[in-house]
Amino acid sequence: MSFPLLTVTAAVPALGAVATAAVPAARRTVAKWLALLFSLATLALAAVQLARFDTGAAGPFQLTESHAWIKDFGVRYELGVDGIAVVLVALTALLIPFVILAGWHDADPLEEARPNRRWRPTQGFFALILLVEAMVVISFEATDVFVFYIFFEAMLIPMYFLIGGFGDRAGEHGEEETAARRSHAAVKFLLYNLAGGLIMLAAVIGLYVVTAHQTGDGTFSLQEIIRARADGRLDMASSTERLLFLGFFFAFAVKAPLWPLHTWLPNAMGESTAPVAVLITAVVDKVGTFAMLRFCIQLFPEASKWATPVIMVLAVVSILYGALLAVAQRDIKRLVAYASISHFGFIILGIFAMTTQGQSGATLYMVNHGISTAALMLVAGFLISRRGSRLIADYGGVQKVAPVLAGTFLVGGLATLSLPGLAPFVSEFLVLVGTFSRYPALGIIATVGIVLAALYVLVLYQRTMTGPVKAEVRAMPDLKVRELVVVAPLIALLVFLGVYPKPLTEIVNPAVKHTMSQVDKTDPRPDVPVRAATDKDASHEEASHEEAEAAK
Amino acid sequence: MENLIGLLVAAPLLGAAVLLCGGKRLDRVGHWLGTLLAAASFVIGAVLFADMLGRSGEHRALHTHLFSWVPVGGFRADVAFQLDQLSMTFVLLITGVGTLIHLYSVGYMEHDERRRRFFGYLNLFLAAMVLLVIADNYLLLYVGWEGVGLASYLLIGFWQHKPSAATAAKKAFIVNRVGDMGLSIAIMLMFTTFGTFAFGPVLSSAGDAGEGKLTAIGLMLLLAACGKSAQVPLQSWLGDAMEGPTPVSALIHAATMVTAGVYLITRSGAIFNAAPDAQTAVVTVGAVTLLFGAIVGCAKDDIKKALAGSTMSQIGYMILAAGLGPIGYVFAIMHLVTHGFFKAGLFLGAGSVMHGMNDEVDMRKYGGLRKYMPVTFVTFGLGYLAIIGFPGLSGFFSKDKIIEAAFAKGGTEGWILGGAALLGAAITAYYMTRVMLMTFFGEKRWVPDADGNEPHPHESPKTMTIPMIILALGSLGAGAVFSINDTFLKWLEPVTGHAEGHSPVSALTVTIATMAVLVIGVAIAWSQYGRRPVPAVAPRGSLLTRAARRDLLQDDFNHVVLVRGGEQLTRGLVQIDHTLVDGAVNGTATAVGGLSGRLRRFQNGYARSYAVSMFGGAAVLIAATLLMRAV
């Protein structure tokens, strides 16, 4: 049996969570370093996954593991990654060390707190982060619907504690009010996602019943279901397929989040600490959009096409609505949350445009949005921790006293508004092109989002960073070394992936090709195909592809 | 030779990276480093130019492919460059004027503590602008296009502590983004129409596509050009952009960046040639803007804003020429280059005046400065003569050709366009004479400022005057050099194509008419500002004057329609999000799940207990599944 790389990649952070939680109360620093170490080990494993991933392989899934689990229900412990999953595992593993490092002091006990041996918030904070990482990683890797479902849902528990248990110190409303708001946000998060999860559970059971009924052998295995459908053993009635699709989609749309199921996100991101907010939007929410690509479209291709028009419209509404609300926010973190809603609209738009550019763009978007939001939000967190306020109006002229902080904040903002040259531009443009080539009107409306993005980012920058220096800001220190270590690599990555995204597109493209073949869609052809360069290149690529396959 | 092309961008980009990330250590040498790298880029450009001259017209273009940028299915964007005569012209203008302005800034920004950063931004601008003109496909052009927008944003807002500068910077970026939307959509249209957006294949097969598609692409490109080149209706940002340091106004907001729209239209000539409706839109925008800018320029007392109105107007001429098709492309670019010289020179002169006048920009507080700043006076004067089209100077040749071409458009359209261009020439003569008289002639009108410091006007240091002198020489001779033997025409024709129009009026008549309106414009200005002393406080003025002072109410319009409307909309949406969307979802959840009772409990602080019970539930579920397996 080969080395179970995928299991280990998920198990390491889980082990790390246990180890971190077990550190004695007085050894907080040890717990932090331990957590960081485990997250780095996970990153190394994700890098090994990337390295071992073969972009020319024939099958859709690689590094697969498969074991019988619950025989009576056909549940198998099946893992495998395609190009989309492997880059998202890498994104998760990449961001967690930064989240841990950025939140280094977020869970330190207050000085005036009574010494209490049994209450170990610091250990808990980092253990929970690692636990979330483990669950997210395995959600990306699972190819069995049931396994996916368990971890998709279980993720809510550590997230709930992270949102409800840790927040910014003393907000503008006072300690008690802040705690109440925090707990309200955590509950809202939980309820929304539980509701989605329950509906999905019904659909998961329904899927089992349908497969059991038709093939005689109930299964949750994605590959098995795809095979059964291909050779005609499984032929769902379209009404059944649609119902099941909706059950799955609802859960993912809550998680993603898609308008109008988005309102939990601003509360959750606003009330939690910046690193946890990054965890929510850059990591956990990606499971929702990822699952649309992997499960909704591949399990229910016909229903996906049936629902596409409505979903596309909702996605465009999300883009504009999120952006407009971001413009109106007075709270930095809520602004970033609404901006994320707008960005998730783009991701969903790309997925359901059902074009190569749209889906590749959406996948890249997930990665790039993760990095850019992390950069913007973590710097915002550093800013907020210095002044003790999330309100935009409490800042002004920071650029003068803390130029490095302001500079990195600006770069994060420019990435958020998809400036060409930075990574998000590539994915956003791909999504727009992919959408436009099938739905020109929606593509054009979505393009308005780029103007609104400039508006909310630059208004935020202007109000916080420029102008006369506010008295409360005057003594603000610039970024410390630890903070710079968090931000600098993220910015470097944004630049690198903006200039040279090819390593990513090469991994993602075959997976998107496979997904597109599941829904039986091909890209629209241009009106006046230009003979000269492009056709020759295309055939050349085909040839080199065949060569690669022949070589094996 | 091809390998050198990338260095044109790499040299200033390196400068930007080093200067912006280098930290305080570089404060003492940073400005010279930036200037050196700008000059390096110019030298490389000159070497490539010499090489290019060695080949015949059709074989001058160089192509180089660096790497595949975004390959996704049929979508292929490459980082690849194309250096033909059109690009070369821009490269020399950008790096040449750019280097001079770097040099000027060494003196101008001497006392600014953030001078290193200023040069970093200037280098960034050069890199992006060169990228814009040497890209071989529209998506890479887009990178340069927004890159210059970013540099412009950073430089307009360079004095960020001034709220007006920060606001102006933001405004410029956002208005430009509206234009960028046009560029995005144009590229998407090209992709769906041709399956590519590289210059070569798109432009060579433009004729095969339907006229409707081409018109749509053309209009979207025009929208992009309107944003970057401050043409009506996206003109509102340029006046405010004068908040930036004056060298920035000279380089970015006069000589180079704002002319990118003209480049875009000329480059896409093949598309416009096959889309007459789009061309009509282009000439309309050009004609309206050339009058709009000129009228605004007449009413401004702020020397930089008067020049900004003039820039808008002159670019209007170029856009007009570019919209005329093959009869105008060459002259659009020729005017662009001569304008690059004289307008950069005028701005540097204005900067020199401000430098000597404690940063005063109000021309009503100048007067008689020719005695105090002779070099500035002479160089500014040459720029002035060039822009009004004084016979023999640069502007005379290039503008005259555009007016001729406008008439040559033929039909009623030709008469309207030609008439607008002539009228514009008269107004140009008027407002530039006004600037000249108010600044350098008459009695001194300056007074001590609030702190009691009286300005002591003086000539600027050598680092500033040398660039001014070089640009003045360009204003003096460039037009003649370009026109002798139709040098410039022959140089560009292989790229842009050229056709002689059929003008209803002879070239001589046009020249005479142009001279006549020039004299009229100068005479009116003389009678108002030369014969009589200039009042230190602006008179109330006519309705038109007052409107022109407020940029013909552009901001009032935008404020009422866009800003107020937008505020109402977003505020309304916040309310809706809070009550309606959130409420509806919660309400549904409550109704469906009967959760209201529990909800209340959570809010009373029982949340933890619930989560624990959920965790317990999950644990039971997992235990049960494991158990099932065991059984």
Side-chain angles (χ1 to χ4, degrees), chain A residues 69-70 72 154 157 160-161 164 183-184 186-187 190-191 195 260-261 263 321 324-325 327-328 356-357 360 397 399-400 414 419-421 426 429-430 432-433 436-437 443-444 447-448 450-451 454-455 458-459 462 466-468 500-502 505 509 523-524 526-530 532-534 537, chain B residues 67-68 70-76 142-143 146-147 150 157 160-161 163 166-167 170 173-174 177-178 180-181 184-185 188 191-196 198 200-202 205 208-210 213 569-571 573-574 577 581-582 584-585 589 593 595 602-603 605 607 611 614-615 618 622 625 628-629:
Chain A
W69 188 10
I70 313 170
D72 304 273
I157 301 158
Y160 169 80
F161 285 113
S183 116
H184 174 248
V187 170
L190 197 62
L191 284 183
L261 304 170
T263 52
Y321 188 92
L324 282 170
L325 274 145
V327 175
T356 318
Q357 291 79 36
S360 284
Q399 197 275 335
K400 192 100 178 160
L414 293 172
L419 187 86
V426 174
F429 200 81
L430 281 173
L432 286 173
V433 160
F436 184 85
S437 58
I444 290 174
T447 311
V448 176
I450 72 171
V451 179
L455 194 59
L458 295 185
V459 167
Q462 184 190 356
T466 71
Y500 197 62
K502 205 171 149 202
T505 57
N509 284 344
D523 290 339
D527 311 351
V528 194
V530 175
T534 32
D537 284 4
Chain B
F67 57 89
S68 168
V70 191
V72 174
F75 184 97
R76 269 139 212 288
Y142 192 5
V143 176
E146 283 231 343
L150 170 67
Q160 288 189 331
H161 53 276
T167 307
K170 180 191 70 186
F173 195 96
I174 289 167
R177 266 261 156 153
V178 177
D180 296 348
M181 234 181 90
S184 294
I185 295 172
M188 294 188 240
F191 178 70
T192 57
T193 311
F194 303 105
T196 174
V202 167
S205 47
D208 302 345
K213 277 275 167 68
L569 177 68
T570 51
R571 260 191 227 132
L573 280 179
V574 170
D577 197 55
V581 180
D582 212 8
V585 174
L595 289 168
F602 294 132
Q603 285 169 342
M614 215 197 97
F615 187 71
I622 292 170
T625 51
M628 296 267 287
R629 194 192 165 200

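Every chain is numbered from 1, with letters handed out A, B, ... down the list of sequences.
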If you count heavy-atom pairs under 4.5 Å with chain A, which of [options] comes out on top?
options: B/Ala209, B/Pro163, B/Ser68; answer: B/Ser68
options: B/Thr167, B/Val202, B/Asp180; answer: B/Thr167
options: B/Ile174, B/Leu573, B/Thr570, B/Thr193; answer: B/Thr193

Residues in side chain to side chain contact (heavy atoms under 4.5 Å, CB included) contact with A/Thr466, at least two apart in sequence or another chain: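 With sequence neighbours excluded, A/Thr466 shows a side chain to side chain contact (heavy atoms under 4.5 Å, CB included) to A/Tyr461, A/Gln462, B/Gln160, B/Ala166, given in chain and number order.
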My understanding is that only residues two or more places apart in sequence, or in another chain, count here; which of them pass side chain to side chain contact (heavy atoms under 4.5 Å, CB included) with B/Val574?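 Here the qualifying residues are A/Leu325, A/Ala328, A/Gln329.
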Can you tell me which of A/Val327, A/Ile450, A/Leu455 forms the most heavy-atom pairs within a distance under 4.5 Å of chain B?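 With the most close heavy-atom pairs to chain B, the winner is A/Ile450.
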Which of the residues A/Leu430, A/Thr356, A/Leu432 is involved in the greatest number of heavy-atom pairs with chain B at under 4.5 angstrom?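 Highest number of pairs under 4.5 Å: A/Leu430.
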Tell me, for [X] versus chain B, whether the close heavy atoms (under 4.5 Å) come from the side chain, the backbone, both or neither.
X: A/Pro524; value: neither
X: A/Val451; value: both
X: A/Lys400; value: side chain
X: A/Val433; value: both

Can you tell me how far the CZ atom of B/Phe75 sits from the CG atom of A/Asn509, to the nearest 0.5 Å?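 Taking CZ in B/Phe75 and CG in A/Asn509, the distance rounds to 11.5 Å.
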When rounded to the nearest 0.5 angstrom, what distance separates CE in B/Met188 from OG in A/Ser437?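 So the CE of B/Met188 and the OG of A/Ser437 are separated by 10.0 Å.
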Under 3.5 Å, is there a donor-acceptor pair between the side chain of A/Gln357 and the main chain of B/Val72?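 Between the backbone of B/Val72 and the side chain of A/Gln357 there is a qualifying donor-acceptor contact (under 3.5 Å).
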Let me know if B/Phe191 has heavy atoms under 4.5 Å from chain A in its side chain, its backbone, both or neither.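 For B/Phe191, heavy atoms of backbone and side chain both lie under 4.5 Å from chain A.
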Using the side chain to side chain contact (heavy atoms under 4.5 Å, CB included) rule, take A/Tyr500 and A/Val426 through it: C-alpha gap first, then chi angles, then the decisive distance, then the call. CA-CA 10 Å; A/Tyr500 197 62; A/Val426 174; over 6 Å; no
Using a 4.5 Å cut-off on heavy atoms from C-beta on, say whether the side chain of A/Pro526 contacts that of B/Thr192.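 Not in contact.
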